[in-house]
Enquirer: 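Let me begin by handing over the structure; questions about it come next.
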Protein chains: 2
Amino acid sequence: MRYVIAVAEAGGFEAAAERLHMTQPPLSRQIRELERELGVTLFHRRPTRLTEAGREFVESARQVLADAEQVVERTRRAAGVDHGAVRVGYTVTTAFDEMPKMFAAMGARHPGIRIEAREGWDAELTAAVAAGELDVLLGRHLGVPPEFQTTVLRTEDFVVVVGAGHRLAGREAVSLRELRGETLRFFPRRFAPHYHDAVLGAVRGTGAEFDVWENPLPGLRNLNVSLRDSGFMVLPRSLGRQLPSGIAYLTITDEMPPIELRLSWQRNPSPAVTTLIRTARRLARREGWSVS
Amino acid sequence: MRYVIAVAEAGGFEAAAERLHMTQPPLSRQIRELERELGVTLFHRRPTRLTEAGREFVESARQVLADAEQVVERTRRAAGVDHGAVRVGYTVTTAFDEMPKMFAAMGARHPGIRIEAREGWDAELTAAVAAGELDVLLGRHLGVPPEFQTTVLRTEDFVVVVGAGHRLAGREAVSLRELRGETLRFFPRRFAPHYHDAVLGAVRGTGAEFDVWENPLPGLRNLNVSLRDSGFMVLPRSLGRQLPSGIAYLTITDEMPPIELRLSWQRNPSPAVTTLIRTARRLARREGWSVS
DNA sequence: CGACTGGCATACCCGAAAGGTATACCGCCG
DNA sequence: CGGCGGTATACCTTTCGGGTATGCCAGTCG
């Protein structure tokens with residue numbers, strides 16, 4: 001049902017496949033098998049248009065899927081799981097994409113659970129956890145206390161970020177070797193030592209060596225300033241996409257270990273915390289984070 | 001969802017598994033994984049009872065499943081597939097179990113399709129097909145015109161049927177060799193030559209030989225008369241179960257080829273005919289006919 | 001008018017998940 | 001306290017959903 005709706009909304013198989021985070025052939029097959037089982041043609045092909053029966057199907061199917069969602073919510077409510085509060089600490093690398101989406105997902109599916117979110121650098125979050133002020137941590141290569149359990153929400157590669165005036169700004173992909181002699185811009189290590197080490201370790205693993213110039217101002221918001229004239233940064237791909245205009249990001253052709261976004265929580269989590277964990281996992285599947 | 005409802009209705013995992021035509025362990029696992037995903041316990045175990053949340057789940061899930069059924073019906077209706085008529089010829093071996101169930105399934109899911117059913121022996125049905133009076137044939141080892149297409153709806157083994165006073169009537173299983181010297185009762189070959197040959201061929205394939213006494217009256221309705229004193233019959237298992245009281249049926253321990261129930265139709269079937277074929281296949285899956 | 005391109009279909013492969021078999025465990029009853 | 005009904009656990013098999021490579025066809029443009 002989701003597939004038919006996606007094809008109808010996207011106006012074609014290829015576009016729908018992308019939206020569903022899958023490829024076109026299995027999608028075509030699933031639709032065709034459904035058509036065989038129903039004995040009814042849902043789409044005219046070439047161009048892809050809904051048939052009369054297809055319109056009917058999409059309309060009813062939307063209702064059924066919505067109701068199915070309701071089932072789990074009502075059940076959770078009946079079990080008394082849908083209340084309480086979660087205190088989340090997150091890093092700046094999640095502040096543009098993942099954290100807002102998770103916040104939205106929790107609000108939509110579990111309005112009864114209150115979320116207290118606090119952005120901070122590695123040391124601040126660690127201190128807050130030690131003080132018992134946080135239940136959950138969300139970040140990339142955060143320092144996490146050993147008594148916490150962890151799951152990976154997203155795995156992705158790095159991209160190179162340069163200013164729009166850079167000589168490579170028009171390229172799709174580069175090797176790090178092409179950047180020899182340039183300066184790698186980074187925030188000071190003390191703000192997020194594990195992440196800092198992970199990125200530089202990954203870069204050095206390719207055999208490349210760079211001068212690292214540590215911008216005294218941490219944060220990603222003033223990139224166009226620091227990259228105006230020269231130098232480059234190395235960031236997870238999803239962050240590269242979120243940057244303001246005047247900035248270009250390039251795929252790296254060298255072999256590099258991927259970077260992981262992790263969710264951590266202390267043992268014996270409250271029902272509200274487990275609900276947040278489940279919701280985050282669902283979100284990751286829906287958004288295709290395990291893949292890209 | 002179907003699984004949870006089945007467990008709730010059956011009052012236990014084992015009984016529910018039987019109703020679903022599967023075994024208990026995978027059912028238990030599925031339920032447990034659903035409970036994990038929901039973060040909610042649906043059943044108290046030992047004894048198996050619904051929790052409060054479980055009741056909520058069952059209630060909502062019933063509605064969703066019913067609506068999902070509706071989706072396919074509305075779609076078929078919109079495609080204009082749900083009208084027309086099918087003329088079905090069937091043999092007496094299907095008259096107790098399969099044919100009534102198929103009739104009921106068609107009435108429930110496709111009330112717009114009219115069914116004309118005609119019971120008859122092999123030769124009568126063949127003649128009716130030749131005269132263009134039938135669209136579909138349902139039977140066990142019927143003679144089917146070569147231009148018909150065929151699918152297998154059910155595969156099962158044979159049982160031995162004896163009168164209640166027979167010396168073996170209390171037994172669970174027998175070898176055909178234990179019946180040496182007794183008379184195999186059968187209807188005259190001319191009524192259904194292919195079926196007759198299939199059964200006797202299967203029996204002789206075990207190495208056993210019997211006197212065959214052909215009851216001049218065909219039909220299964222007067223069995224208790226013909227089996228009152230002595231003799232036995234060999235029938236497909238599902239027919240053995242349907243017999244009147246005063247009759248016992250026994251599993252055969254010898255190796256014998258199974259007997260198939262087949263559905264046949266002429267090429268280029270009308271939409272109504274393909275609908276009936278699909279419905280029959282669904283029915284066969286639901287009833288577990290491919291297995292038993 | 002034919003070569004090109006975009007988009008769906010076809011063929012084949014692989015891994016995850018569903019179902020089956022064998023068996024252990026556990027509460028209940030005699 | 002031992003047998004029994006019924007659920008859980010361990011392990012294997014099969015099925016199906018998804019991926020990659022490639023074919024095919026309609027519409028378009030040189």
Side-chain angles (χ1 to χ4, degrees), chain A residues 1-38 40-51 54 61 65 151-152 155-157 258 278 281-282 284-292, chain B residues 1-38 40-51 54 61 65 152 155-157 258 281-282 284-292:
Chain A
M1 288 183 177
R2 285 174 46 229
Y3 290 179
V4 174
I5 292 171
V7 173
E9 287 181 349
F13 285 74
E14 200 128 355
E18 179 158 6
R19 171 184 309 205
L20 293 166
H21 306 109
M22 61 188 291
T23 54
Q24 167 261 321
L27 176 60
S28 287
R29 206 186 53 186
Q30 295 291 67
I31 300 278
R32 188 198 316 280
E33 274 169 21
L34 176 62
E35 288 180 330
R36 258 198 67 244
E37 185 177 329
L38 292 173
V40 166
T41 305
L42 297 174
F43 292 98
H44 300 295
R45 314 297 161 91
R46 266 191 269 264
T48 302
R49 294 277 172 272
L50 276 173
T51 63
L65 290 189
T151 187
V152 174
T155 303
E156 56 190 333
D157 54 5
R278 270 196 315 273
R281 282 213 172 99
R282 277 184 62 96
R285 282 202 320 127
R286 210 175 63 211
E287 299 278 332
W289 288 350
S290 356
V291 187
S292 129
Chain B
M1 288 183 177
R2 285 174 46 231
Y3 290 179
V4 174
I5 292 173
V7 173
E9 287 180 349
F13 285 75
E14 197 129 358
E18 179 158 6
R19 171 185 307 205
L20 293 167
H21 305 110
M22 61 190 290
T23 54
Q24 168 262 322
L27 176 60
S28 288
R29 207 187 51 186
Q30 294 290 67
I31 299 278
R32 191 199 332 262
E33 275 169 20
L34 176 62
E35 287 180 330
R36 258 198 66 245
E37 185 176 329
L38 291 174
V40 166
T41 306
L42 297 174
F43 294 98
H44 298 295
R45 315 297 161 90
R46 263 192 269 264
T48 303
R49 294 278 173 272
L50 276 173
T51 63
L65 290 189
V152 174
T155 304
E156 56 190 333
D157 55 3
R281 283 212 171 100
R282 277 185 64 94
R285 283 202 318 131
R286 212 174 61 211
E287 299 278 331
W289 287 350
S290 355
V291 186
S292 130

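Each chain gets a letter, A, B and so on, in the order its sequence line appears, and its residues count up from 1.
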Enquirer: Could you tell me the separation between the CD atom of Glu33(B) and the OH atom of Tyr3(B), rounded to the nearest 0.5 Å?
Expert: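 Answer for the CD-OH pair, Glu33(B) versus Tyr3(B), is 12.0 Å.
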
Enquirer: Please give, in whole Å, the distance from dC16(D) P to Leu27(A) CG?
Expert: 19 Å

Enquirer: Which residue lies toward the 5' end of DNA chain D, Thr23(A) or Phe13(B), if each is placed at its nearest nucleotide?
Expert: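 Nearest-nucleotide comparison on DNA chain D picks Phe13(B).
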
Enquirer: Can you find a donor-acceptor pair, distance only, under 3.5 Å between Arg45(A) side chain and dG7(C) base?
Expert: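 Donor-acceptor pair under 3.5 Å: no.
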
Enquirer: Pick base, sugar-phosphate or nothing for Pro47(B), based on heavy-atom distances below 4.0 Å to the nucleic acid.
Expert: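 Nothing, no heavy atom under 4.0 Å.
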
Enquirer: Quick check for you: to the nearest 0.5 Å, what is the distance between Phe43(B) atom CZ and Leu50(B) atom CG?
Expert: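 Nearest 0.5 Å value for the CZ-CG distance: 4.5 Å.
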
Enquirer: Could you give the CD-to-C1' distance, from Gln30(A) to dA9(C), as a whole number of Å?
Expert: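 Going from CD in Gln30(A) over to C1' in dA9(C) covers 15 Å.
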
Enquirer: Between dC8(C), dA18(C), dT9(D), spot the one nearest the side chain of Glu14(A), thanks.
Expert: dC8(C)

Enquirer: Would you kindly give the CG-to-P distance between Leu34(A) and dC16(D), to the nearest whole Å?
Expert: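 Leu34(A) atom CG is separated from dC16(D) atom P by 15 Å.
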
Enquirer: Take atom CG of Leu20(A) and atom C1' of dG19(D), then tell me their distance rounded to the nearest Å.
Expert: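 Rounded to the whole Å, the gap is 15 Å.
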
Enquirer: Can you tell me the distance, in whole Å, between the CD atom of Glu18(B) and the C1' atom of dG6(D)?
Expert: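 Spelled out: CD on Glu18(B) to C1' on dG6(D) is 14 Å.
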
Enquirer: Without decimals, in angstroms, what is the distance between Glu33(A) CD and dG17(D) P?
Expert: 7 Å

Enquirer: How long is the line joining NE2 of His44(B) and P of dT7(D), in whole Å?
Expert: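 In whole Å, dT7(D) P lies 15 Å from His44(B) NE2.
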
Enquirer: Can you find an N or O donor on one side and an acceptor on the other, under 3.5 Å apart, linking the side chain of Gln24(A) with the base of dA9(C)?
Expert: yes

Enquirer: Measure CZ/Arg2(B) against C1'/dA18(C) and give the value in whole Å, please.
Expert: 13 Å

Enquirer: For a quick test of reading the model, state the closest non-hydrogen atom pair linking Ala17(A) to Leu27(A) and the distance between them.
Expert: N-CD2, 3.5 Å

Enquirer: Let's see if you can work this out: which of dA18(C), dG18(D), dT10(C) has an atom nearest to the side-chain heavy atoms of Pro25(A)?
Expert: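 So the side chain of Pro25(A) is nearest to dT10(C).
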
Enquirer: Using atom types as modelled and distance alone, determine if a side-chain donor or acceptor of His21(A) lies under 3.5 Å from a backbone N or O of Arg286(A).
Expert: yes

Enquirer: What contact category does Arg32(A) fall into here, base, sugar-phosphate, or nothing, at under 4.0 angstrom with non-hydrogen atoms?
Expert: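 Result for Arg32(A) = sugar-phosphate.
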
Enquirer: Select base, sugar-phosphate, or nothing to describe what Phe43(B) touches, counting heavy atoms under 4.0 Å on all strands.
Expert: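 Nothing, no heavy atom under 4.0 Å.
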
Enquirer: So, OP1 or OP2 of dC8(C): does either fall under 4.0 Å of a side-chain N or O from Ser28(A)?
Expert: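 Checking Ser28(A) against dC8(C): no side-chain N or O falls below 4.0 Å of OP1 or OP2.
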
Enquirer: Work out which heavy atom in Leu42(A) is nearest to a heavy atom in Glu35(A); give both atom names and the distance.
Expert: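 In terms of heavy atoms, the two residues are closest at N-OE2, 2.8 Å.
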
